[in-house]
Amino acid sequence: RKEVEQDPGPFNVPEGATVAFNCTYSNSASQSFFWYRQDCRKEPKLLMSVYSSGNEDGRFTAQLNRASQYISLLIRDSKLSDSATYLCVVDDSGGYQKVTFGIGTKLQVIP
Amino acid sequence: DVKVTQSSRYLVKRTGEKVFLECVQDMDHENMFWYRQDPGLGLRLIYFSYDVKMKEKGDIPEGYSVSREKKERFSLILESASTNQTSMYLCASSKTGMDSPLHFGNGTRLTVT
């Protein structure tokens, strides 16, 4: 079983739609969780950290469910510029950033 | 803004050559990492370092070595390049801390022929 699992997609959604991605992790001792965004032929960049209480940044909402060991990312009112691959990242190294990446979920927002 | 610079964007080498990939960061980060990214496999950790002259194996260290003689520089070495090492190589750095993000360089696309 992979340590961090994501549906690779692609998710093709129309502009303005709401889309949600889930990611499951296998290590119940994992401490920190992140979503990164990677544009085509570019490096990954931090989108947001994921906190136990859930957190929101504009149109983006991240949730953590420790009991079921998954994290989620919700994007509201999708824009063309949201088209990218979204990487789920889990850290169980106590803050040393020796993280595990999911394979990524590809999102394509269509006009 | 944090800057992580990789020495080459594209590199073509022959089988058996020794290859050096250089990475420099300018924010005094303790931690540095080398990943490779392949379609269908995602990012996989090759080696990482938490301090100068310190190195730890990641998930796929075979065929690679690293060097960290200065805090800002982390080098990846392919001792004898093989075709299965054709990949995108990404260097990253971070501070130590629970919410410290990884900052990536823009990658080196290595082709081994």
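Order of the sequence lines fixes the chain letters, A, B, ..., with proteins taken first and strands second; residue numbering starts at 1 for each chain. These numbers come from a predicted model, not from an experiment. Both backbone and side-chain heavy atoms feed into the values below; hydrogens, waters and symmetry mates do not.
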Stepwise ring pair (Phe, Tyr, Trp, His ring centres under 6.0 Å) check, Phe101(A) with Tyr35(B): CA-CA 11 Å; Phe101(A) 283 81; Tyr35(B) 294 88; 5.4 Å; yes

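- The most heavy-atom pairs under 4.5 Å with chain A, out of Pro101(B), Ala92(B), Gly58(B), Gly107(B), come from Pro101(B).
- Using a 4.5 Å cut-off between heavy atoms, Pro8(A) does not touch chain B at all.
- For the residue pair Thr108(B) / Gln6(B), a side-chain donor-acceptor distance below 3.5 Å is found, with atom types taken as modelled.
- For Asn31(B) and Thr96(B), the side-chain atoms include at least one donor-acceptor pair closer than 3.5 Å.
- Taking the six-membered ring where the residue is Trp, Trp34(B) and Phe74(B) present tilted rings, their angle falling between 30° and 60°.
- Between Thr111(B) and Leu11(B), every side-chain heavy-atom pair lies at or beyond the 4.5 Å cut-off.
- Between Phe11(A) and Phe21(A), the two ring planes are perpendicular [angle over 60°; tilted spans 30° to 60°].
- Using a 4.5 Å cut-off between heavy atoms, Leu102(B) contacts chain A through both its backbone and its side chain.
- Of the two parts of Gln38(A), only the side chain, counted from C-beta on, holds a non-hydrogen atom closer than 4.5 Å to a non-hydrogen atom of chain B.
- Looking at Glu30(B), neither its backbone nor its side chain comes within 4.5 Å of chain A, counting heavy atoms on both sides.
- Proximity to chain B is limited to the side chain of Tyr51(A), based on heavy atoms less than 4.5 angstrom apart.
- For Leu90(B), the part lying under 4.5 angstrom from a heavy atom of chain A is the side chain only.
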